[in-house]
Amino acid sequence: MAADIAPDELSTREVISDPYPAYTQLRDRSPFNYEDLPAGSVPGIEHPLRSWALLRYGDVYGALRDHETFSSANNPLVGKAFPPLVLILDDPPRHTRFRRLVNKAFTLKRIEALTPWITSVAEELLDEAGTNEVDIVQRYTIPLPVKVIARLLGIPGDEYESFKRWSDAFLSLVSMDNVERMRSIQEMVEYFGKMAAARRARGAEDLITALVDAEVDGEKLEEWEILGFCILLLIAGNETTTNLLGNILNLLATMPDLWQRLRSDRSLVETVIEETLRYESPVQRLSRTATRDVEVSGVLIPKGDLITIYFGAANRDPAEFRNPDEFRLDRDLRNHVGFGMGIHYCLGAPLARAEAKISLTRFLDRFSVIRPGSAPAVRQTMTPVVFGFQQLPLVLERG
Ligand code: HEM
């Protein structure tokens with residue numbers, strides 16, 4: 001067992017790179033109040049940001065189901081670490097209206113239609129990666145989701161570079177200064193504004209056209225909502241999927257027997273993806289605000305306090321998953337909260353699952369062996385929100 005971890009250490013780089021020992025030690029004490037962000041870690045946050053940590057499955061599930069008490073709006077980091085985001089940082093009734101509209105645009109049919117194209121991108125990236133030791137994060141797990149979102153939104157291939165730059169500007173919370181970030185965001189807002197205007201004038205076969213056209217009860221999306229949604233897709237859809245792909249490949253590189261089993265039995269591919277979402281959840285935590293005094297597992301959380309929902313800890317709670325620290329393919333995985341639960345359940349879940357399935361299938365077809373490289377694998381430690389690799393060297397052997 002690792003040395004004792006204090007609640008205030010939950011946002012340290014060490015815990016971000018491997019949060020699971022901390023969850024094991026602290027779960028029974030939760031909910032507890034802790035320092036979520038030290039003062040000065042985000043421009044404009046001059047005092048430490050305190051929050052209540054929910055680590056138990058039952059508490060997390062209950063909070064996700066009760067959006068009236070656990071509000072997604074009024075996040076204290078809006079305007080400081082990120083711009084106001086539609087949908088994910090909103091409550092009903094606005095959330096309901098918006099979600100109904102985008103559900104109409106973000107259909108399974110649209111995702112299924114993308115499958116052959118995603119497959120060809122996966123093939124292309126793997127052709128370029130070769131078979132020696134490769135950093136799979138740079139070569140595959142970053143470019144694939146970025147290209148997919150660009151295509152979905154209808155961004156032309158030659159503008160892919162700026163798209164990637166904007167995406168990075170959002171994600172590099174710590175490594176990019178605010179002025180540069182805001183400039184990049186402004187550039188992106190202008191770009192999407194022009195795209196939306198062009199689609200209004202003449203439609204195309206893409207998501208922006210579907211958003212411009214979407215209507216519920218005669219109501220359409222407003223301009224700022226369309227732009228906000230494009231930006232949300234960039235943030236919500238890229239790094240999350242990158243980390244899922246990396247976590248799957250890393251786990252399989254350390255389980256050669258499972259790799260061989262999968263090569264001969266592809267019916268297990270989907271289970272491997274779901275178990276990875278539970279076992280190494282790409283999204284570890286997100287915030288809510290209490291709209292009233294509320295008791296959680298016998299602890300009173302006052303109205304107005306910040307609450308942090310730990311999806312990653314809930315997915316390893318022994319009260320819900322037997323032997324939670326074992327990666328197993330014989331579990332009932334229907335209730336994992338890797339994509340959340342309730343009204344904010346991940347809109348992109350079918351797309352993320354499709355990207356993971358296509359990727360894993362392509363890797364299995366091509367490589368008889370996949371194993372850790374000689375250079376070290378490095379977990380990202382920039383943000384506690386996601387869990388994944390910054391660098392993942394793998395040796396890929398064709399068979
Ligand atoms: C493995 C990849 C992904 C994971 C683990 C993931 C995880 C999540 C989680 C946990 C939530 C719930 C947020 C909350 O309760 O506050 C969420 C919401 C959301 N996700 Fe994902 N996501 C992934 C991929 C994607 C992709 C590919 C897209 C879009 C292209 C996407 C778009 C969204 C959106 C728009 C929401 C907000 C939904 C709402 O508030 O109604 N996600 N995601």
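Keep in mind that the numbers below use all heavy atoms, side chains included, and drop hydrogens, waters and symmetry copies. One-based numbering, in listed order, for ligands and for the atoms of each.
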- Assess Arg50 against Tyr34: is NZ or CZ under 6.0 Å from the centre of the six-membered ring, and within 45 degrees of the ring's axis? no

Non-hydrogen side-chain atoms of [X] and [Y] separated by less than 4.5 Å:
X: His67; Y: Ser72; value: no
X: Phe70; Y: Thr289; value: no
X: Leu333; Y: Arg278; value: yes
X: Leu152; Y: Leu114; value: yes

- Task: Pick, from Ile309, Leu232, Leu245, the option with the minimum heavy-atom distance to atom 35 (C) of ligand 1.
- Result: Leu232

- Message: Nearest non-hydrogen contact with atom 29 (C) of ligand 1 belongs to which option: Leu233, Thr276, Asn243?
- Response: Leu233

Could you tell me whether [X] approaches ligand 1 through its side chain, its backbone, both or neither, with non-hydrogen atoms closer than 4.0 Å?
X: Leu351; value: side chain
X: Leu152; value: neither
X: Arg99; value: side chain
X: His95; value: side chain
X: Phe106; value: side chain
X: Ile343; value: backbone
X: Thr241; value: both
X: Leu87; value: both

Check this for me: does any side-chain nitrogen of one of [X] and [Y] sit under 4.0 Å from a carboxylate oxygen of the other?
X: Arg334; Y: Glu274; value: no
X: Arg322; Y: Asp332; value: no
X: Asp36; Y: Arg285; value: yes
X: Arg292; Y: Glu68; value: no

Tell me which protein heavy atom sits closest to [atom], plus the residue, atom name and distance to 0.1 Å.
atom: atom 24 (C) of ligand 1; value: Thr240 OG1, 3.4 Å
atom: atom 12 (C) of ligand 1; value: His344 O, 3.4 Å
atom: atom 33 (C) of ligand 1; value: Ala236 CB, 3.7 Å
atom: atom 34 (C) of ligand 1; value: Leu347 CB, 3.9 Å
atom: atom 5 (C) of ligand 1; value: Gly338 O, 3.5 Å
atom: atom 30 (C) of ligand 1; value: Ile149 CD1, 3.5 Å
atom: atom 19 (C) of ligand 1; value: Cys346 CA, 3.7 Å
atom: atom 11 (C) of ligand 1; value: Phe339 O, 3.8 Å

- Query: Hey, what's the ring geometry for Phe339 with His336, parallel, tilted or perpendicular (30° and 60° as the breaks)?
  - Reply: tilted

- Message: Would you call the rings of Trp166 and Tyr191 parallel, tilted or perpendicular, taking 30° and 60° as the class edges?
- Response: tilted

- Ser17-Arg379 side chain donor-acceptor pair, cut-off 3.5 Å: no

- Heavy-atom contact under 4.0 Å between Ser72 and ligand 1? no

- Work out whether the distance between some heavy atom of Arg288 and some atom of ligand 1 is less than 4.0 Å. yes

- Task: Measure from the side-chain N and O atoms of Gln260 to the backbone N and O of Ser368, and report whether any donor-acceptor pair falls under 3.5 Å.
- Result: yes

- Task: State the atoms of ligand 1, each with its element, that fall below the 4.0 Å cut-off from a heavy-atom position in Leu286.
- Result: 13 (C), 14 (C), 16 (O)

- Under 4.0 Å from a heavy atom of Leu244: give me the atoms of ligand 1 that qualify, with their elements. 1 (C)

